[in-house]
Amino acid sequence: MNGDDTDQDTTLDSQRFVDGSDGDDEQLPPSTDEGGTQSDRAAKGQSGDREESAIRESDESTAGNRNPTDDDHSDPETANAADTDSVSTVRGGVGSAGVDFDAEGDDADSSVLDDVMLDDVGSEDPEEASQGLFDDLLAGDPIFENKEVLRPSYTPRKLPHREEQINNMATILVTALRGDSPSNILIYGKTGTGKTASAKFVSTELESTSQKYEVPCEVEYINCEVTDTQYRVLAQLANKFVEKNEAVIDEELDDLESLRERARETPTALAETEYDSVAAVEDRIEQLEEDRESFEQVPMTGWPTDRVYSTFFDAVDYHERVVVIMLDEIDKLVEKSGDDTLYNLSRMNSELERSRVSIMGISNDLKFTDFLDPRVKSSLGEEEIVFPPYDANQLRDILEHRAEVAFEGDALTDDVIPLCAAFAAQEHGDARRALDLLRTAGELAERDQTDDVDEDHVRKAQEKIELDRVVEVVRTLPTQSKLVLFAIIMLEKNGVHNINTGEVYNVYQRLCEEIDVDTLTQRRVTDLISELDMLGIVNAVVVSKGRYGRTKEISLSVPIDETEAVLLSDSRLSDIEDTQPFVQTRFDNDSS
Ligand SMILES: Nc1ncnc2c1ncn2[C@@H]1O[C@H](COP(=O)(O)OP(=O)(O)OP(=O)(O)O)[C@@H](O)[C@H]1O
């Protein structure tokens, strides 16, 4: 993924690079190029504006033998560059032409100065200033029209094949627009099935409808993968509602202060209001100011949880409203810190006086409710909505909608979208994966400087994404697991197939000795092999060996050289020098 970002940055940078010379300075050729496509601009950057450079050349020739300390630079940008150079030349003593100006002083031989100036003069012409690093990359037709549309951060306006789930959510949440608390909702579904996108879409609709009908209804989104303790969830909510209350108070104070002014001048100004006198307005102002003073922001650590809870409680209940708290990745919260947060949130309604709270939990772990207290479980799961995986046809629709905006008209060949959809459908119907594939295929085509994206780019994109995933998983393994994996790699590299646990353990032990790390027991190493199997890095099958009992046959499921390189990039493992002697043949192992 990082690689992808780098690619994007390169493209953006290169665009900025062109745009950079597109600033206010009228002397620079591209300044006249307000519109035009990226390739137009690139073409222009390459050919340059000959008329302008001719003027520039004649300016330079009439400038004659300029002293580098003169202030007569016509172009402020290059003037600065030239000034900086001349200052550093003078201070440093030795210029780029190898001349000691200190020694020569201001009377330095002007021909020597010319030599120095020539270096600087070169940079005044944009055509010569760049060495064409980006020109080739910008040449050719652009593939993307708006790549951002393919990124996970983009929330689409239309979510094909999620109409049913979206309608179900809306039917439950419409209660909030009637001023009552909606049932709590639990949303389940595998990763990339559009849970977050759909829930955010419904929330935005809910909030905008609530504004339209002036029914106070708010949605608060929390990603529990990031905010994963009761303290943090409650603190984040408390601070959000404190801020909202402050904003509401400030608005009311502004209105009241202007009402007070008007009422002082014309007492009838109060006629249509709930206040019968200026004094009543002032009392309300005073009360609001006191309330505002009493609000406290919760620090991110340090308070007792009760205090955080009551601050949140008071803030929510400050005025009438219905609040939907959206807890995305709710299973991560329960996994990390139990179900206390959910218990506290789900019993709030019985104590709140003005407001109502409802919870919308989103999870891709269908089993997480097994760990909940039965009361929390029944309260949280009042309504359940399941997001099934997308099939290849649905993914194709989703991609087609996005591709229309993301790519230039004919940049995709016919096979691209069906192939991305088919790959992602195999991968449990993940729309995120399908979008990643399409974006990466486009980026690879861009890198190849071809005019369109074809099937081959999709296949390469699939390999790249898979490799990125492997690299990330391997890079973040604990050291002991890395050693076990390294042992398996060593065995495979030495031609051992269907490796058994004993063989892995032998090599692993030697590796531990080599880099001075504690050696785990064989049983523990067997567990680590099972973990690697679950992560899809190795394949471990239990086979029966007749009277010799059962054993595991292990093989690597990931590209060997890339995985080895990632392991060796770990500073602890990089000490392993020559692993060849560690590896025992099956014969040795069997006879031991
Ligand atoms: N029906 C759809 N139409 C268009 N885009 C979709 C659709 N479903 C999912 N997406 C896109 O796929 C990506 C992943 O979707 P989303 O984040 O909603 O998945 P999720 O089910 O919440 O996954 P996770 O459980 O991993 O968070 C997003 O970029 C989203 O915009």
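Interatomic distance, CG of Leu345 versus CD1 of Ile325, reported as 5.0 Å (0.5 Å rounding). The OG atom of Ser203 sits 5.5 Å away from the CE atom of Met360 when rounded to the nearest 0.5 Å. Atom CD of Glu225 is separated from atom NZ of Lys336 by 11.5 Å, given to the nearest 0.5 angstrom. Expressed to the nearest 0.5 Å, how far NZ of Lys158 lies from CD1 of Ile166 amounts to 10.5 Å. Separating the CG atom in Leu186 from the CG atom in Leu327 is a distance of 10.0 Å, to the nearest 0.5 Å. The CD1 atom of Ile172 sits 9.5 Å away from the OG atom of Ser358 when rounded to the nearest 0.5 Å.
With salt bridges taken as basic N to acidic carboxylate O contacts below 4.0 Å, one links Glu466 and Arg433. Taking a cutoff of 4.0 Å between a charged side-chain nitrogen and a carboxylate oxygen, Arg469 and Glu472 do not qualify as a salt bridge. A salt bridge is defined here as a Lys NZ or Arg NE, NH1 or NH2 lying under 4.0 Å from an Asp or Glu carboxylate O, and Arg459 with Glu455 meets this definition. Between Lys460 and Glu463 there is no salt bridge, since no side-chain N of the basic residue sits under 4.0 Å from a carboxylate O of the acidic one. Salt bridge Lys464/Asp436: absent, no basic N to carboxylate O contact under 4.0 Å. One finds a salt bridge joining Lys244 and Glu220 here, because a Lys/Arg side-chain nitrogen approaches an Asp/Glu carboxylate oxygen to under 4.0 Å. Of the charged side-chain nitrogens involved, none lies within less than 4.0 Å of a carboxylate oxygen, so that Lys240 and Glu218 do not count as a salt-bridged pair.
Judged purely by atom type and a 3.5 angstrom limit, Asn184 uses its side chain to pair as donor or acceptor with the backbone of Ile359. Although no hydrogens or angles enter the test, the distance criterion places no donor-acceptor pair under 3.5 Å between the side chain of Ser363 and the main chain of Ile330. Remark: side-chain polar atoms of Glu400 are not paired, donor with acceptor, to backbone N or O of Ile417 under 3.5 angstrom. Listed for the Thr193 side chain is no donor-acceptor partner under 3.5 Å among the backbone atoms of Lys195. When atom types are taken as modelled, the side chain of Glu329 and the backbone of Asn223 share no donor-acceptor pair closer than 3.5 angstrom. With hydrogens and angles ignored, the 3.5 Å screen pairs no side-chain donor or acceptor of Glu492 with any backbone N or O of Ile489. Of the possible donor and acceptor atoms, one in the side chain of His457 sits under 3.5 Å from a partner among the backbone N and O of Asp454.
In terms of heavy atoms, Ile362 sits closest to Ala199 at CD1-CB, 3.7 Å. Taking every heavy atom of both residues into account, Asn239 and Val298 meet most closely at OD1-N, 2.7 Å. Here the closest heavy-atom approach between residue Val316 and residue Ser355 is recorded as CG1-OG, 3.1 Å. Pairing each heavy atom of Glu443 with each of Arg151, the nearest pair is OE2-NH2, 3.9 Å. For the pair Pro152 and Arg439, the tightest heavy-atom approach, listed with the atom from each and the gap, is CD-NH1, 4.4 Å. In plain terms, the two heavy atoms of Leu437 and Val458 that are nearest each other are CD2-O, 3.8 Å.
When the side chain to side chain donor-acceptor pair (under 3.5 Å) test is applied to Arg178, no partner is found at least two apart in sequence or on another chain. In terms of the ring-ring contact (aromatic ring centres under 6.0 Å, His included) criterion, Tyr231 has no residue partners (sequence neighbours excluded). Looking at residues two or more places apart in sequence or on another chain, you find no ring-ring contact (aromatic ring centres under 6.0 Å, His included) involving Phe387.
Using a 4.5 Å cut-off on side-chain heavy atoms (C-beta onward), Thr155 and Thr196 make no contact. In this structure the side chain of Arg402 never reaches within 4.5 angstrom of the side chain of Leu438, judged on heavy atoms. Between Leu573 and Thr479 there is a side-chain heavy-atom pair separated by less than 4.5 Å. Taking 4.5 Å as the limit, some side-chain heavy atom of Leu535 sits within range of a side-chain heavy atom of Leu477. By the 4.5 Å heavy-atom criterion applied to side chains, Leu399 and Leu435 are counted as neighbours. Taking 4.5 Å as the limit, some side-chain heavy atom of Pro388 sits within range of a side-chain heavy atom of Gln165. Using a 4.5 Å cut-off on side-chain heavy atoms (C-beta onward), Thr413 and Val416 make contact. When side chains are defined from C-beta on, Lys493 counts as touching Asp561, because their heavy atoms get closer than 4.5 Å.
Checking each of Val474, Asp468, Val473 against Val470 for a side chain to side chain contact (heavy atoms under 4.5 Å, CB included) leaves exactly one that passes, namely Val474.
Other residues, nucleotides and ligands contribute more than 12 heavy atoms inside 6.0 Å of the CG atom of Asp254.
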_Apply side-chain contact (heavy atoms from CB on, under 4.5 Å) to residues Tyr154 and Asn146 and explain how you reach the verdict._
CA-CA 11 Å; Tyr154 175 82; Asn146 182 358; 5.9 Å; no
*asked:* One pair to check against side-chain contact (heavy atoms from CB on, under 4.5 Å): Leu567 and Glu564. What are the steps and the verdict?
replied: CA-CA 5 Å; Leu567 290 175; Glu564 185 185 5; 5.6 Å; no
*Test Ser181 against Thr175 for side-chain contact (heavy atoms from CB on, under 4.5 Å), laying out the working first.*
CA-CA 6 Å; Ser181 58; Thr175 319; over 6 Å; no
*asked:* Checking Tyr390 against Arg162 for the side-chain hydrogen bond (donor to acceptor under 3.5 Å, both in side chains) test, could you report, in this order, the C-alpha distance in whole Å, the side-chain angles of both residues, the deciding distance, and whether it holds?
replied: CA-CA 10 Å; Tyr390 295 114; Arg162 283 300 170 241; 3.1 Å; yes
_Stepwise side-chain contact (heavy atoms from CB on, under 4.5 Å) check, Tyr221 with Met326_ = CA-CA 5 Å; Tyr221 174 86; Met326 203 199 284; 3.3 Å; yes
